[in-house]
Amino acid sequence: MPFPLTFIPAQGWHHVPRSFGAPRSKGKRKHAGCDLYAPVGTPVHAVADGKITIHRPFYLGTFATVIDHGDFVVRYGEVQKALAGGLKVGDEVAAGQVIGSVGKLSGLNISMIHFEMFSGTVNGELTTTKSPFFRRADLMDPTAQLDAWAQQPLPT
Ligand SMILES: [Zn+2]
């Protein structure tokens, strides 16, 4: 399965503040995903075959696209409102397909895919009131998966 970008971000996703579990809100919350830094407008690629289940406002003016990949669920966060040409919620996508593009976070000079992964073994909203991640109970650490995908041929 492919990495969600056509390049590997120079800053990586292993270190604070980009890493899974990095402190947020002065330590009151832990980062629920990995941040993949990329310029606004960079195409975002599906990491596996799947189906778009949600596309809705997310954070600081950006959107998030949720894809059920069968064995797991990914929330591709901080993307643009516009999905890639013609795509809509309910559509099937193929591994490596462009699904959208990196969004502009209002008031920030950095942009990224905020990449969250869930095992899909639980139903319900992905964002919850449950400390420390404030996410559904099946939240996963995506670091090792991103490492593995980065070793595969990059999408084109
Ligand atoms: Zn993030």
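The figures here come from the full heavy-atom set of this structure, side chains too, leaving out hydrogens, waters and symmetry mates. The chain is numbered in sequence order, starting from 1.
Ring geometry for Trp149 against Phe72 counts as tilted: the plane angle lies between 30° and 60°, on a 0 to 90° scale.
A cation-pi arrangement is present between Arg136 and Phe118 under the rule of less than 6.0 angstrom and at most 45 degrees off the ring axis.
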Exercise for the section: Carefully, step by step, assess His55 and Leu83 under the rule side chain to side chain contact (heavy atoms under 4.5 Å, CB included). Expected result: CA-CA 8 Å; His55 181 67; Leu83 288 164; 3.7 Å; yes
Handout entry: Working for ring-ring contact (aromatic ring centres under 6.0 Å, His included), residues Phe3 and His45
Key = CA-CA 7 Å; Phe3 195 73; His45 298 255; 9.8 Å; no
Exercise for the section: Apply side chain to side chain contact (heavy atoms under 4.5 Å, CB included) to the pair Trp13 and Asp147, showing each step before the final yes or no. Expected result: CA-CA 9 Å; Trp13 49 90; Asp147 291 350; 2.9 Å; yes
Exercise for the section: Begin with the C-alpha distance, continue with both residues' side-chain angles, and end with the deciding distance and a verdict on side chain to side chain contact (heavy atoms under 4.5 Å, CB included) for Lys51 and Val93. Expected result: CA-CA 6 Å; Lys51 181 178 185 174; Val93 297; over 6 Å; no
Handout entry: Trace of the side chain to side chain contact (heavy atoms under 4.5 Å, CB included) decision for Ile110 with Met112
Key = CA-CA 7 Å; Ile110 192 83; Met112 65 199 76; 3.8 Å; yes
Problem - Stepwise salt bridge (Lys or Arg N to Asp or Glu O under 4.0 Å) check, Glu125 with Arg56 - result: CA-CA 12 Å; Glu125 290 288 329; Arg56 66 161 75 133; 3.1 Å; yes
Problem - CA sep, side-chain torsions, deciding dist, call: Phe58, His114, ring-ring contact (aromatic ring centres under 6.0 Å, His included) - result: CA-CA 10 Å; Phe58 186 59; His114 167 87; 5.7 Å; yes
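Residues Leu36 and Pro4 are in side-chain contact: their nearest non-hydrogen atoms beyond the backbone lie under 4.5 Å apart. At a threshold of 4.5 Å between non-hydrogen side-chain atoms, the residues Ile54 and Thr65 do not count as touching. Using a 4.5 Å heavy-atom threshold, the side chains of Leu87 and Ile99 count as touching. Using a 4.5 Å cut-off on side-chain heavy atoms (C-beta onward), Leu146 and Phe115 make contact.
The ring-ring contact (aromatic ring centres under 6.0 Å, His included) search around Phe133 returns Phe20, not counting sequence neighbours. For Ser25, the side chain to side chain contact (heavy atoms under 4.5 Å, CB included) partners at least two apart in sequence or on another chain are Lys28, Arg29. For Ala38, the side chain to side chain contact (heavy atoms under 4.5 Å, CB included) criterion is met by Leu5, Phe7, Thr42, Val102, not counting sequence neighbours.
Between the side chain of Arg135 and the backbone N or O of Met140 there is no donor-acceptor pair closer than 3.5 Å. Side-chain atoms of Arg18 come within 3.5 Å of backbone N or O of Gln11 as a donor-acceptor pair. Listed for the His31 side chain is a donor-acceptor partner under 3.5 Å among the backbone atoms of Gly33. For the pair Ser101 (side chain) and Gln80 (backbone), a donor-acceptor distance under 3.5 Å is absent.
Note on Arg75 versus Asp138: no salt bridge recorded, every NZ/NE/NH1/NH2 to OD/OE distance being 4.0 Å or above.
For the residue pair His14/Ser19, the side-chain donor-acceptor check at 3.5 Å is not satisfied.
Grouping the Ile, Leu, Val, Met, Phe, Trp and Tyr side chains by contacts below 4.5 angstrom, directly or via other members, places Leu126 with Leu139. In this structure, Ile8 is a member of the same hydrophobic cluster as Met117, with clusters built from ILVMFWY side-chain heavy atoms closer than 4.5 Å. Linking ILVMFWY side-chain heavy atoms closer than 4.5 Å, directly or via other members, places Ile67 and Val73 in two distinct hydrophobic clusters. Val74 and Tyr37 are assigned to two separate hydrophobic clusters, defined by single-linkage of ILVMFWY side chains at heavy-atom distances under 4.5 Å.
Nearest heavy atom pair, residue Ala46 against residue Pro2, reads O-CG, 3.7 Å. Closest approach of Gly96 to Pro155, counting heavy atoms only: O-CB, 4.2 Å.
Rounding to the nearest 0.5 Å places CG of Leu60 at 7.5 Å from CD of Glu78.
The neighbour count for Lys104 NZ, taken as heavy atoms of other residues, nucleotides or ligands under 6.0 Å away, is above 12.
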